[in-house]
Amino acid sequence: MFMSISTTGTAESPATDLGFLLHKHPGKVQRFSTAHGEAHVFYPEAGDEACTAALLLAVDPIALVRGGRGRGRAGSPDLALAQYVNDRPYAASSLLAVALRTVFRTAMKGVCEARPGLADRPRPLRISLPAVPVGGGRTGEGAAAAMAVRLFEPLGWQVEASAIPLDAAFPEWGESRYVRLELSAEQVRLADALQQLYVLLPALDGAKHYWVAPDEVDKLLAAGEGWLAGHPERALITRRYLSRRWSLTRRAMERLELARLAEADDREAEEVDNAVDDTTEETGHEQGPGPEPSEPRRPPLAEQRRTAILAALREVGAARVADLGCGQGELIGALLKDARVTEVLGVDVSVRALSAAARRLRLDRMPERQASRVRLVQGALTYTDARLKGFDAAVLCEVIEHLDLPRLPALEYAVFGAARPSAVVVTTPNAGYNVRWESLPAGHLRHADHRFEWDRAEFRDWAERVAAVYGYTVDIRPVGPQDDEVGAPTQLALFRLGDGTEPGGNTATTATTATTADMADTNSTDSTTPEGGETR
């Protein structure tokens with residue numbers, strides 16, 4: 001199987017820089033051993049204005065059969081003669097992807113010690129692949145070429161994909177599943193191009209010559225860093241790259257979604273997926289400054305919060321509830337005990353939190369009728385989400401303080417402006433009460449991930465402004481032991497749409513149009529939920 005990479009240049013930036021980028025000298029023919037044959041690298045042309053590097057992979061059919069015993073395409077043929085008569089030595093499949101990683105490993109990392117900075121510079125590239133198999137998917141005239149366009153074009157490539165006929169002498173036989181692929185781009189980093197080929201060639205084929213193990217998820221995410229999470233066909237690519245192993249595909253998609261949400265908020269994935277404390281993942285206690293300054297027999301503050309939220313939801317008659325920033329699912333468990341609640345949607349940006357919630361709720365062992373009442377989904381509340389519409393009530397329990405203040409208007413619009421539930425319950429710490437926590441140093445916030453904490457006046461100002469902008473009424477309530485001087489440790493706001501009618505009723509007031517500033521940071525997306533709150 002064959003592939004060529006071409007570039008152009010000038011006297012100041014010669015095309016032969018391609019040799020430095022690939023770490024292969026243009027004046028030499030080099031040979032490399034792979035698990036299934038030999039790879040040869042050579043340069044058909046090498047000049048200042050044009051340079052082409054070619055990779056020729058000569059597959060040993062016997063080594064392919066022996067190495068694939070009982071695994072992958074070669075070991076599990078769908079025809080009796082597939083071990084002896086197949087396309088693997090001739091078509092650009094996972095064999096070529098593995099050869100790319102073997103031969104151009106340093107180039108794929110974007111490293112060029114001989115010419116510092118060269119690997120970071122984009123340059124014009126043209127990649128030619130004479131025979132690329134396209135397996136599965138839609139069939140019919142042009143389907144194979146269309147698949148190649150779907151995968152490469154969103155990455156900025158100009159794609160020329162022409163179907164190869166089954167037999168040129170018999171055009172009535174139609175097209176084969178192979179395409180002749182030419183990719184060109186005016187400005188692209190060579191490392192990015194190689195990483196994309198490493199992922200997309202096996203994805204196009206939809207099969208691999210070796211058993212797909214769990215470590216393939218790490219390989220996919222490493223090679224797809226920076227481009228796969230935002231690709232419109234990331235689900236298709238992931239599924240086909242992992243040979244439709246659904247458990248691995250689900251794991252990869254969760255991590256890709258987390259990477260996409262983190263990039264959208266300009267944060268590290270570890271910062272976003274922080275709703276679960278590694279040392280206290282399965283505990284049901286408040287994470288924060290320490291014991292409450294109250295009698296030991298009083299229920300924990302987290303329990304008092306849940307009781308107050310449930311009372312507010314009963315007050316408005318909510319049957320369909322969205323728990324936004326659901327964490328490990330404590331509130332969801334309490335909601336499911338109420339027969340009047342017919343549907344609960346739990347949303348969190350943290351994959352670990354959602355997994356912990358599923359374990360805590362025992363979803364895998366829950367009776368089917370009970371399980372049908374609850375759904376857990378991943379998302380970020382700073383983006384609008386159609387899945388949040390139509391609920392009687394939404395709950396933001398200890399969530400808003402985990403957002404940077406400049407991102408708060410985006411959450412306001414996504415929840416109050418776009419989703420528009422009939423009621424919204426918001427709880428957040430009362431910063432004024434912090435002086436009563438003996439274990440909390442002066443000036444510190446209650447949780448390491450809190451971006452801010454409001455006193456009672458600040459929270460009331462925020463709640464009244466949001467209610468006025470989006471057409472809600474609001475009632476502020478204390479939660480927890482009352483202190484005559486500083487109030488209660490938690491403050492709750494119950495928002496009701498319009499004139500406060502029951503969910504599903506007509507409202508007298510329509511929402512005021514959100515300001516441009518409110519909507520500036522919002523986008524329509526498939527996601528929902530903020531950086532999750534502490535255990536609740």
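Both backbone and side-chain heavy atoms feed into the values below; hydrogens, waters and symmetry mates do not.
The distance from the CZ atom of Arg189 to the CG atom of Leu118 is 10.5 Å, given to the nearest 0.5 Å. Once rounded to the nearest 0.5 Å, the distance linking CG of Asp215 with CG of Leu248 reads 9.5 Å. Atom NE2 in His23 sits 11.0 Å away from atom CG in Leu18 (nearest 0.5 Å). Expressed to the nearest 0.5 Å, how far CG of Asp120 lies from CZ of Arg115 amounts to 13.0 Å. Rounding to the nearest 0.5 Å places CD of Glu330 at 9.5 Å from CG of Asp323. If you take CZ on Arg375 and CG on Leu363, they are separated by 12.5 Å, rounding to the nearest 0.5 Å.
Here the side chains of Met253 and Arg234 are in contact, with some heavy-atom distance below 4.5 Å. Side-chain contact between Leu200 and Phe152 is present, with at least one heavy-atom pair separated by less than 4.5 Å. Under the 4.5 Å side-chain criterion, counting only non-hydrogen atoms from C-beta, Thr10 is not in contact with Asp48. Looking at Thr52 and Ile5, their side chains never come closer than 4.5 Å, going by heavy atoms from C-beta outward. Taking the side chain as every heavy atom from C-beta outward, Leu96 and Leu55 approach each other to under 4.5 Å. Side-chain contact between Val351 and Gln378 is present, with at least one heavy-atom pair separated by less than 4.5 Å. Considering only heavy atoms from C-beta on, Leu324 stays 4.5 Å or farther from Val399 through its side chain. Looking only at side-chain heavy atoms (C-beta outward), Leu181 and Ser128 stay at 4.5 Å or farther from each other.
Heavy-atom contacts from other residues, nucleotides or ligands closer than 6.0 Å to CZ of Phe42 number more than 12. Within 6.0 Å of CD on Glu186 lie no more than 12 heavy atoms contributed by other residues, nucleotides or ligands. Atom CD of Gln30 has more than 12 neighbouring heavy atoms from other residues, nucleotides or ligands inside a 6.0 Å radius. The number of heavy-atom neighbours closer than 6.0 Å to CD of Gln187, taken from other residues, nucleotides and ligands shown, is above 12. Surrounding CZ of Phe20 are at most 12 heavy atoms belonging to other residues, nucleotides or ligands under 6.0 Å away. Atom CD of Glu225 has 12 or fewer heavy atoms from other residues, nucleotides or ligands within 6.0 Å.
Proximity of a side-chain donor or acceptor of Arg240 to a complementary backbone N or O of Gly135 within less than 3.5 Å is detected. For Asp167 (side chain) and Ala169 (main-chain N/O), a donor-acceptor pair under 3.5 Å exists by modelled atom type. Here the side chain of His231 pairs a donor or acceptor atom with the backbone of Glu233 at under 3.5 angstrom. The closest donor-acceptor contact from the side chain of Arg245 to the backbone of Val212 lies under 3.5 Å. Remark: the backbone N or O of Leu125 is not paired with any side-chain donor or acceptor of Thr7 at under 3.5 angstrom. Side-chain atoms of Tyr43 come within 3.5 Å of backbone N or O of Lys24 as a donor-acceptor pair. Side-chain atoms of Glu175 come within 3.5 Å of backbone atoms of Gly142 as a donor-acceptor pair (strictly under, hydrogens ignored). For Ser13 (side chain) and Gly9 (main-chain N/O), no donor-acceptor pair under 3.5 Å exists by modelled atom type.
Look at Arg373 and Glu343 and you find no salt bridge, because none of the NZ, NE, NH1 or NH2 atoms lies under 4.0 Å from a carboxylate O. Look at Arg126 and Glu182 and you find a salt bridge, because one of the NZ, NE, NH1 or NH2 atoms lies within 4.0 Å of a carboxylate O, short of that distance. A salt bridge links Arg177 with Asp205: the closest approach of a Lys/Arg side-chain nitrogen to an acidic carboxylate oxygen falls below 4.0 angstrom.
At a cut-off of 3.5 Å, with distance as the only test, no side-chain donor of Ser33 or Glu38 sits close to an acceptor on the other residue. Side-chain atoms of Trp227 and Gln195 include no donor-acceptor pair closer than 3.5 Å.
Under the 30°/60° scheme for interplanar angles, the aromatic rings of Tyr198 and Tyr241 are found to be tilted.
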Apply side-chain contact (heavy atoms from CB on, under 4.5 Å) to Leu183 and Glu160, showing your working.
CA-CA 6 Å; Leu183 306 171; Glu160 299 173 31; over 6 Å; no
Criterion side-chain contact (heavy atoms from CB on, under 4.5 Å) on Leu57 and Met3, from CA distance to verdict:
CA-CA 9 Å; Leu57 179 61; Met3 183 188 81; over 6 Å; no
Does the side-chain contact (heavy atoms from CB on, under 4.5 Å) test come out yes or no for Val199 and Leu197, once each step is laid out?
CA-CA 5 Å; Val199 172; Leu197 287 170; over 6 Å; no
Show your working on side-chain contact (heavy atoms from CB on, under 4.5 Å) between Trp157 and Ile127 and close with a plain yes or no.
CA-CA 10 Å; Trp157 293 100; Ile127 298 173; 3.8 Å; yes
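Under the side chain to side chain contact (heavy atoms under 4.5 Å, CB included) rule, Cys326 has a single partner from Asp348, Val347, Leu345, which is Asp348.
Annotation for His25 and Gly27: closest pair ND1-N, 2.8 Å, computed over non-hydrogen atoms. Considering every non-hydrogen atom in both Pro202 and Ala97, the closest pair reads CG-CB, 3.9 Å. In terms of heavy-atom proximity, Glu45 sits nearest to Ala50 at OE1-CB, 3.9 Å. Heavy atoms only, all atoms of each residue included: Leu100 and Met108 are closest at O-SD, 3.8 Å. The minimum heavy-atom distance linking Leu151 with Ala203 is given by the pair CD1-CB, 4.3 Å. Across all their heavy atoms, Ala119 and Leu21 have their closest contact at CA-CD2, 3.6 Å.
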